[in-house]
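What follows is one structure encoded as structure tokens, with my remarks underneath.
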Amino acid sequence: MKKENLRMQQPEMDRRQFHSRLGWLGVAASGAIAAAGNLLYLKPAVDYGPPTRIRVGRPEEYKEGLKEIYENERIVVVCEKDGFAAISVKCTHLGCTVRTSDSGFECPCHGSQFDNDGFVTGGPAPAPLNWYQISLTPNGELEVDKSVVVPSGTYFKV
Amino acid sequence: MAPDKSTEKKSAGMEFFENVYRSIFRYGRIPQDGEGASYAVFNNLFLHIHPVKVSRHSLKFTYTFGLGVIATSLFLILTFTGVWLMFYYYPSATEAYGRMLDLRSSVDFGFVLRNVHKWAAEAMVFFVVLHMARVFLTGAYKPPREFNWVIGVILLLLTLGLSFTGYLLPWDQLAFWAITVGTSIAGYAPVIGEPLRQFLLGSDSVGQEALIRFYVLHVVILPGLLYVFLAVHFWRIRKDGGLSHPSENEPQDVAEKGAEL
Amino acid sequence: MKEVDTTQVYPQDPNKTYGLMELVRGTKPTVGPAPEDMVYSWPHLLIRELVIFLTVAACLLVAAFLFNAPLEELANPNHPPNPAKAPWYFLGLQELVSYSAFVGGVVVPGLLVVALILVPYIDRKKVGVGIWFARERWLANGTFLAFLILMCILIIVGMYFRGPNWGFVVPWE
């Protein structure tokens with residue numbers, strides 16, 4: 001009985017220990033917050049790259065079955081009877097630029113192959129080529145927005 | 001009195017230089033005896049990473065093949081040539097390649113510095129791996145050297161990181177596509193992959209942002225880290241009792257005797 | 001009372017004085033062979049280091065005058081070279097990546113690094129230390145060498161046997 005009473009009087013942590021742990025907790029927390037702040041600082045916030053919206057000319061300029069490659073923007077604009085499509089030429093494997101081939105696209109880096117709609121037909125690529133959203137600007141030009149990926153096969157009808 | 005006279009004979013100028021020399025190197029010229037040899041090492045900031053005495057076994061060339069010293073020498077040469085190259089290099093997507101051409105054709109000895117830096121970098125990766133193979137094949141990572149092996153692995157990763165970040169800086173086709181492929185591989189890592197790729201490139205694809213980030217990593221952050229870990233690596237060699245030695249092996253009969261007791 | 005073994009581990013040098021420096025707890029003698037097996041760092045170690053450093057520097061200078069560091073045309077995001085190759089020490093990885101980017105590029109190298117870090121905490125038995133290719137360590141040494149040789153083969157394949165579209169080519173044809 002006596003022993004138990006003693007234990008009740010003596011808490012598991014004394015005052016000094018409690019404050020010491022509280023102090024270390026504060027040090028650890030401020031360290032973690034500082035680390036998080038530094039990481040956030042390094043996360044690219046401003047995109048200094050080229051603009052994501054690209055004007056690709058008037059619909060009348062395209063003929064059916066034409067593939068117009070925009071090299072610097074890394075897209076190809078396809079005109080089919082269903083409408084227009086903007087397909088990325090950035091390989092989904094490791095980011096090389098694919099080139100057009102007889103059966104669609106092929107990547108020179110690791111030999112991935114894609115069909116005309118950008119679906120993988122061979123090689124290590126894990127996903128089909130991206131399709132981007134197309135819209136018509138008020139003055140009648142086609143505009144591709146590379147920040148919006150649409151499902152493969154989504155054609156834009158004028 | 002005789003020795004005093006001989007010192008008086010010295011000219012004031014000689015005495016001045018001798019005083020200056022003695023103020024820097026307190027313990028004479030090239031040490032001839034054991035005491036001098038000891039002072040030579042532990043009174044020198046740069047030499048005192050060595051113990052005063054080392055075992056003959058660790059000096060045998062066929063034991064280490066000098067691989068660690070070779071890797072360290074390469075890193076020192078890389079630091080020197082790298083700093084020298086920084087005088088001309090400009091981390092800009094429009095300027096960098098031109099600076100490479102200038103280094104090669106216009107700057108006096110520019111091609112030597114660039115070539116030495118390049119070949120030393122390739123050699124460093126090679127010799128660090130060989131050094132690691134030596135340590136493994138001689139069982140030198142066993143207690144008490146476990147943690148120094150871990151530091152060695154970190155040093156290998158830092159070496160690869162330095163080589164990889166330096167690869168982009170010339171901004172030629174080789175650089176651009178090797179980094180495009182390399183950072184895309186990093187992007188496949190689960191959870192941290194995409195943030196890591198963004199952190200390295202500063203953008204969606206390799207461009208000016210990637211160049212400046214790789215430059216900072218290559219000339220400041222990674223070499224700084226490598227020097228810190230290298231210092232710990234050397235310090236631990238001494239703290240762990242010098243290079244590994246066959247005498248550390250548990251003698252079979254003694255171990256058995258211990259079991260009997 | 002137990003008999004204490006008082007045989008000298010190594011002979012005393014008559015030119016030296018000996019004193020008790022430290023008492024340690026232990027069940028076996030920790031004294032190595034004679035301390036006379038040691039030599040002074042200066043000049044024995046330092047001269048060797050200097051010679052190695054100078055040899056390295058000389059070799060690099062010769063290499064720098066004989067072989068130019070590669071420099072291709074200006075980077076052009078629109079025209080990837082065919083094939084695009086990583087630095088040589090990553091070619092083994094790139095070879096693996098050409099089969100599967102996730103397994104080859106993340107899982108395999110990740111596991112290799114973790115395994116390398118864990119090695120000294122798994123294999124702790126003090127046998128074969130300080131001896132090249134110690135017979136007792138055949139399993140550890142064999143595994144390590146197998147991985148090293150495998151990486152070398154992958155790198156050589158990536159360097160010489162990979163052509164356009166990462167297809168298999170034979171270098172001498």
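Values reported hereafter were calculated over all heavy atoms of this structure, with side chains retained and with hydrogens, waters and symmetry mates removed. Below, chain A is the first sequence line, B the second, and so on; all start at residue 1.
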Are the side chain of [X] and the backbone of [Y] linked by a donor-acceptor contact shorter than 3.5 Å?
X	Y	value
C:Arg137	B:Phe136	yes
B:Gln173	C:His79	yes
B:Arg238	B:Phe234	no
B:His131	B:Leu67	no

With chain B as the partner, which of [options] has the greatest number of non-hydrogen pairs under 4.5 Å?
options	answer
C:Ala57, C:Gly104, C:Gly128	C:Gly128
C:Leu46, C:Ile131, C:Leu54, C:Ile117	C:Ile131
C:Thr55, C:Val106, C:Val113, C:Val97	C:Val106
C:Asn68, C:Leu71, C:Leu61	C:Leu71
C:Gly110, C:Ser41, C:Ala86, C:Ala134	C:Ser41
C:Ala75, C:Pro77, C:Pro70, C:Ala64	C:Ala75

Quick one: what part of [X] sits under 4.5 Å from any heavy atom of chain B, side chain, backbone, both or neither?
X	result
C:Tyr89	side chain
C:Leu145	side chain
C:Pro109	neither
C:Leu118	neither
C:Leu60	both
C:Arg124	both
C:Pro43	neither
C:Val129	both
C:Phe133	both
C:Val107	neither

Task: Plane angle bin for B:Phe164 and B:Phe214 - parallel if under 30°, tilted between 30 and 60°, otherwise perpendicular - done: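 Tilted.
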Residue among [options] with most heavy-atom pairs under 4.5 Å to chain C:
options	result
B:His50, B:Lys118, B:Arg145	B:His50
B:Gly182, B:Pro51, B:Ala40	B:Pro51
B:Ala140, B:Ser58, B:Ala120	B:Ala120
B:Val150, B:Leu113, B:Val135	B:Val150
B:Gly152, B:Pro170, B:Pro190	B:Pro190
B:Tyr188, B:Phe61, B:Phe147, B:Phe176	B:Tyr188

Task: Minimum-distance pair of heavy atoms, taken over all atoms of B:Ser244 and B:Arg134 - done: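 Looking at all heavy atoms of both residues, the closest pair is OG-NH1, 4.2 Å.
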Contact origin within [X] toward chain C - heavy atom pairs under 4.5 Å:
X	value
B:Ala175	neither
B:Val52	both
B:Ala133	both
B:Val181	side chain
B:Trp149	side chain
B:Leu157	side chain
B:Tyr39	neither
B:Phe127	neither

Task: B:Val69 and C:Val56: CA distance, side-chain angles, deciding distance, side chain to side chain contact (heavy atoms under 4.5 Å, CB included) verdict - done: CA-CA 10 Å; B:Val69 179; C:Val56 168; over 6 Å; no
Is the closest side-chain heavy-atom distance between [X] and [Y] below 4.5 Å?
X	Y	result
B:Val54	B:Leu59	yes
C:Leu148	B:Val129	yes
C:Lys126	B:Pro144	yes
C:Leu96	C:Val103	no
B:Tyr141	B:Glu146	no
B:Arg56	B:Lys60	no
B:Tyr97	B:Asp172	yes
B:Met100	B:Trp171	no

- [ ] Under the ring pair (Phe, Tyr, Trp, His ring centres under 6.0 Å) rule, what do C:Trp132 and B:Phe65 come out as? Steps first, then yes or no, please.
- [x] CA-CA 12 Å; C:Trp132 275 92; B:Phe65 293 101; 5.8 Å; yes
- [ ] Could you check C:Phe65 against B:Asn115 for side chain to side chain contact (heavy atoms under 4.5 Å, CB included), going step by step and ending with a plain yes or no?
- [x] CA-CA 8 Å; C:Phe65 277 97; B:Asn115 291 355; over 6 Å; no
